[in-house]
Each structure stands twice: as C-alpha cells, then as structure tokens.
Amino acid sequence: MSRTRVKDLLNHTGEDVTLKGWLYNRRSSKKFHFVLLRDGSGIVQCIVTKAEMDEEAFEAIGKIPYESAIEIRGKANADERSPGGVEIHASAVDVISEAEEYPISKQEHGPDFLLSHRHLWLRSKKQVAIMHIRNEVLKTIRDDMHERGFHCIDAPVFTPNSCEGTSTLFEVDYFDDEKAYLTQSGQLYMEAAAMALGDVYCLGPTFRAEKSKTRRHLTEFWMFEPEMAFAGIDEVMDLAEAMLQKIAANVLENCQADLEVLERDTDQLRKALAPFSRISYSEAVERLNDEGHAFEWGGDLGAPDETKISSWFDTPVMVHRYPEAVKAFYMKRDPQDSRVALGVDVLAPEGYGEIIGGGQREDCLQTLMSRIHEHELDPEDFAWYLDLRRYGSVPHGGFGLGVERTVCWLAGIEHVRECIPFPRMLYRIYP
RNA sequence: UCCCCGGUAGCUCAAUUGGCAGAGUAGGUGACUGUUAAUCACUUGGUUGUUGGUUCGAGUCCAACCCGGGGAGCCA
C-alpha cells in the first residue's frame, strides 16, 4: 500500500491507509493510546485500542519515544473529536527508527536554546508553517516572473569589489594573494543581463558583514532582484506593487492552515491587496514635522521614522525620491529636481519596515563617472559596469526584495531569523 | 562600535533584608473507559556563566571577563 500524506487524508476517509512520519505526541489511558503522527504536511491523531491488539504490542506503543520515526496502518475515519476532523483507527504501529530523548518539548524555550537546536526546531509546527509560507513566496516570485517574460539570470556569489561601496563585505581568500568578496547584491550584474535579455531577475543569497543585531537583520539573506531595460521609476514601482500583491494573494489562498497555526490576522494581510500608497520623501518629511515628529530634510529615514510613515496607511507604502546624498552612486537623479534620486523603498505595514529598495539607474556615462569620483570609488573596479553605458545605454531600473523580511511580515513573525531555514547572524553560525 | 536587559536542574523559571537550592515541564515507575500541551500519585535530576573580592555566612553585594537577548547606526 502506498503512503498517504496527512494533508490529503480528508480525501481518503473510509479507506485503509499507510502513514509514515514521526511521533509528535501521545496521550494514553489504560485502554487507549492517542498517537499523534506528523509527516511534514500535517499532524493527525491515531487511536490505538488495547482490545484490538495483543497486550505486548499495546504496551510497546505506549513507550515509543517522541520523534521516533514510525509507520501507522489503519482506517481513516471522519471524526469530530479528532483535531483536523480525521482520525486513524490504527491496526498497527511500527517503529522505523527509535529516537533518543528529544531535547525540544512542547513547553516554551528561549531563543538561545532554540537557535542552537535549529536543525530540530525546524520540525516544530510553527516553524513548518513559516517554511510553507516561505516556499509559497519563492514559488510565486518565480511563477510570476516567468509569466511576465522575465529571464532568470543568476548573479555570481564571489565578486571582485563592492557593489555599493560603503557597506561591509565578507572577504575571502581567492588564490594567490587575491581577495574576493561575497556578494551583497546581484544588481550590477542584472543591469548587464538586462542589456542582453531585456527583462531579467535573480534570486539567491546575499551577504552583509554589518554588525547589526536587530530583529530585521541577518548576515546571509535571500534577495529577489528584477531588472528591466527601457523602464523608469514608475515601472519599477508598478512591478514592486504587483509582485507584492500577488505574493500576498497566493499566501492567503494557499497557506490558510499555516496562517491559522501562526495565528496571523489575515484581515491585516488582505489590506495589501488594495492599491499601495505612494508618497515622496519630501511629502513624508513634511507630514512627519506637521505631526510633531521632528525630522530634517536630507537625512535618511531611520526605523522609527519608517514605522511612523507606514502607520499612516493600511497598505504597504512606497516612499520615493530620496535625497541623492543618502542613496547609492548608481541611482539616477530626478530631472525635475536634482536634489533627489529616483529611488523607492517599500515599507511593509504593521511596523515591519523596509522590504524592498530599488529605483531607476543612472544611464549616462559622464554622469555615472562623476558619481563614482564623488563617492571616492575606484573607476577601475567599475570599468565593465561603465561599458554598459558605452554600448547602447538605455533607461533601466529594478529593485531588491528581501525574502525573509517579506516572509516575516506575511507570517506575522517577530524576528527574521525564523524566516530562513538556517539563519546566519552576528555571532551565530551554528548549526 | 554604543546603550539597555539577562545567565540557577535537560528545558522554562522562582528563591523576601545577605541566612538549609525550589517549582513546573521533560525523563523514570505506577494509576486512569475518548484523550486534545490529557489528568493523578510517587520519583531521578544542582560546582547558581568564569575568576577574584567583601562577609561569620554570597544565587543575592562589588570588580573584571565570557556568553546570550533587545535596540541604535547601516541596510533588504
């Protein structure tokens, strides 16, 4: 008999099934064992009755340690007393592999302990639900990109220099005294790819050696970076909005059980399906000051400022046209107002902060060269990048979406470390 | 790098003014007629992060260090 997944059991009521998984929990009395089996797709209650089994086998089932790998055969019955509405009336419970005493219990644990046991913590109900949502986010991104005719072009992980100049990079030895760095963005390479294929994207890990210790930071995180040729900041904002709406819609549609496990307020999420609010940096600064939240034009928005701004809106908010001084060298200045750059950040609602940063790139060779000098970067490092402006330069732009921050917001999680299978953080790289 | 908080049983935490180291949970043994983190009884389990100091006496007070958590800056 082939194996049935827990999530499919409702379609097999009245049938004999075989389940394979791990012992999640057990509640015993003299004549019954209630055995909870989890298989990654869900958890199901199985009842074992003493009357239908020889005594030795019944006793043995009462002693199987938690998280042992087990196989259960029995009849799937619709039963309201069972969580999930289906109960397996077991005829046999076989141990595939008996577990040692399992360190993670049903009670609460501290973050230090859980992070040190991440390889086991991942089995927990809540963590499985988060991974389901992460999976849905990544699937939606790829499906939607391909529907839109974008090409997946992967960016290198080893890079010869910084992409943004100032941020901290992880340095690695790269043969014969040469140094390489782990990428902190695939953007510059995507710009090259966009000139070759039109609309492109990359989706992969990026690395930041910033000594940040907050709930929004990882040293290794996944980023989705689309780049479009013949596009300006408006097209960038339109794409960012459409993608996030599609992602939210698919998670709401396909991850209902997971959102329930996480006790996520789905009414909040549903608001992201409406058109996003758009506000310029200058308008935001003006409103901040009007509300007595003092902020001087010209500075970059900090986390508390962002939280304040996003509190004005139900939907994610797109803040655009930042002062050029606080943005990267490659960002194009606004022809209407040279003080600002054509950049946009998308702030998630409910205080989750920036999940997307992007904009229109500088496409003029001369301007880009002077920017590189102004930022005191070495033009040698950017020779290939400047070539893109020498040979058929066109207006283009794109953005970077932080996958973990997006999942964090959708799943309503406190800390991004739970939104990646094996988080890498300041002072923590195990397991 | 800076600011704040913490470190006591496998785990989550208590311990009054400085005065015998304590629960819950997990593990073990047993009871229980359908359990929902099942329940009930009994039970194993300790170099209180490290080093030094004050004291008749330190989990508690002081100093330094180590480890962890939250935040700032920076960013996605």
Side-chain angles (χ1 to χ4, degrees), chain A residues 24-36 43-51 59 62-63 65-67 77 79-85 87 89 99-117 120-121 124-125 163-169 184-187 205-225 240 299-307 326-328 343-348 352-358 399-409 414-417 419-420 425-428:
Chain A
Y24 181 75
N25 201 2
R26 175 183 47 235
R27 296 179 280 268
S28 297
S29 68
K30 193 172 188 176
K31 299 184 178 174
F32 307 95
H33 294 304
F34 292 96
V35 171
L36 273 68
I43 295 172
V44 67
Q45 174 169 294
C46 310
I47 184 166
V48 182
T49 66
K50 196 174 187 175
E59 293 296 325
K63 292 187 173 164
Y66 291 149
E67 286 302 320
N77 295 323
D79 194 321
E80 283 182 8
R81 292 171 296 183
S82 174
E87 183 176 81
H89 196 101
E100 295 179 20
E101 190 185 324
Y102 192 63
I104 298 180
S105 58
K106 302 291 175 290
Q107 69 164 167
E108 275 194 37
H109 295 280
D112 186 24
F113 176 82
L114 289 172
L115 287 166
S116 296
H117 293 81
L120 302 176
W121 185 24
S124 304
K125 234 183 200 173
C163 290
E164 303 197 11
T166 52
S167 300
T168 325
L169 292 160
Q184 53 182 357
S185 165
Q187 182 202 315
T206 55
F207 309 86
R208 306 268 167 104
E210 294 153 1
K211 295 203 165 178
S212 301
K213 266 181 77 168
T214 81
R215 70 183 66 179
R216 296 182 304 280
H217 286 88
L218 297 166
T219 55
E220 177 182 321
F221 67 95
W222 280 59
M223 193 149 63
F224 158 55
E225 296 177 279
D300 205 357
L301 299 169
D305 311 313
E306 290 182 347
T307 304
V326 303
K327 288 295 178 184
V344 57
D345 283 355
V346 180
L347 310 180
Y352 279 95
E354 184 179 353
I355 53 174
I356 283 182
F399 62 82
L401 174 146
V403 170
E404 290 75 23
R405 285 189 183 177
T406 302
V407 172
C408 202
W409 160 58
E414 191 64 21
H415 198 303
V416 283
R417 65 187 167 208
C419 299
I420 189 166
M425 296 178 291
L426 187 59
Y427 308 134
R428 191 182 283 280

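In the text below, chain A, chain B and the rest are named by the order of the sequence lines, each starting its count at 1. Heavy atoms only: backbone and side chains are in, while hydrogens, waters and symmetry mates are out.
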Rounded to the nearest Å, what distance is computed from the [atom1] atom of residue [X] to the [atom2] atom of nucleotide [N]?
X      : N     : atom1 : atom2 : answer
A:R208 : B:C75 : CZ    : C1'   : 6 Å
A:E210 : B:C2  : CD    : C1'   : 16 Å
A:F32  : B:U39 : CZ    : P     : 18 Å
A:H109 : B:G24 : NE2   : C1'   : 13 Å
A:Q45  : B:U35 : CD    : P     : 10 Å
A:R26  : B:U25 : CZ    : P     : 17 Å
A:F113 : B:C13 : CZ    : C1'   : 15 Å
A:L169 : B:C75 : CG    : C1'   : 13 Å

Considering just the side-chain nitrogens and oxygens of [X], establish if one lies under 4.0 Å of OP1 or OP2 belonging to [N].
X      : N     : answer
A:K211 : B:U1  : yes
A:T206 : B:A76 : no
A:R417 : B:G70 : yes
A:R27  : B:U33 : no
A:R428 : B:G69 : yes
A:H415 : B:G70 : yes

Quick check: closest heavy atoms across [X] and [Y], and the distance to 0.1 Å?
X      : Y      : answer
A:Q184 : A:F207 : CB-O, 3.2 Å
A:S116 : A:R428 : OG-NH1, 3.5 Å
A:V416 : A:H217 : CG2-N, 3.7 Å
A:F221 : A:I420 : CA-CD1, 4.5 Å

Between A:L218 and A:G302, who's closer to the 5' end of RNA chain B by nearest nucleotide?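 By nearest-heavy-atom nucleotide position, the 5'-most residue is A:G302.
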
Nearest-nucleotide comparison on RNA chain B, the residue closer to the 5′ end among A:P111 and A:D300: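 Closer to the 5' end of RNA chain B: A:P111.
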
Using a cut-off of 6.0 Å, state whether more than 12 heavy atoms not belonging to A:K125 lie near its atom NZ.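 Counting other residues, nucleotides and ligands, NZ of A:K125 stays at 12 neighbours or fewer.
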
Name the closest nucleotide to the [X] side chain, picking from [options].
X      : options             : answer
A:K30  : B:C32, B:A76, B:U35 : B:C32
A:N25  : B:A37, B:G71, B:G68 : B:A37
A:R405 : B:A76, B:U33, B:G71 : B:A76
A:E101 : B:G34, B:G71, B:A26 : B:A26
A:M223 : B:A76, B:G73, B:G34 : B:A76
A:H217 : B:G69, B:U12, B:C74 : B:C74
A:D112 : B:G34, B:A72, B:G68 : B:G68
A:S105 : B:A26, B:A72, B:G70 : B:A26
A:R81  : B:G70, B:G34, B:G27 : B:G34
A:E306 : B:U33, B:G69, B:C75 : B:C75

How would you label the contact of [X] with the nucleic acid (heavy atoms, under 4.0 Å): base, sugar-phosphate, or nothing?
X      : result
A:G110 : sugar-phosphate
A:Y66  : sugar-phosphate
A:P103 : nothing
A:D345 : nothing
A:I47  : base
A:L36  : nothing
A:E80  : nothing

Between [M] and [N], how far apart are the [atom1] atoms? Round to whole Å, please.
N     : M     : atom1 : result
B:C61 : B:G45 : P     : 30 Å
B:U50 : B:G59 : P     : 11 Å
B:G46 : B:A64 : C1'   : 26 Å
B:U17 : B:C11 : C1'   : 32 Å
B:A58 : B:G53 : P     : 12 Å
B:U48 : B:U29 : C1'   : 30 Å
B:G34 : B:G6  : P     : 46 Å
B:G73 : B:A14 : P     : 31 Å

Does A:F221 lie flat on the base of B:A76, that is, centres under 5.5 Å apart and planes under 30° off?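 A stacking contact exists, since A:F221 sits close and nearly parallel to the base ring of B:A76.
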
Can any side-chain N or O of A:Q187 pair as donor or acceptor with the backbone N or O of A:F399 at less than 3.5 Å?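 Here the side-chain-to-backbone pair does not exist.
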
Before you tell me yes or no, could you show the steps for A:L36 and A:R27 under side-chain contact (heavy atoms from CB on, under 4.5 Å), namely the whole-Å CA-CA distance, both residues' side-chain angles and the distance that decides it to 0.1 Å? CA-CA 9 Å; A:L36 273 68; A:R27 296 179 280 268; 3.4 Å; yes

Could you go through the salt bridge (Lys or Arg N to Asp or Glu O under 4.0 Å) check for A:E87 and A:R81 one step at a time? CA-CA 8 Å; A:E87 183 176 81; A:R81 292 171 296 183; 5.1 Å; no

Does [N] have a Watson-Crick or wobble partner in any strand here, with both distances under 3.5 angstrom, and which is it?
N     : answer
B:A9  : none
B:A72 : B:U1
B:C20 : none
B:A31 : B:U39
B:U60 : none

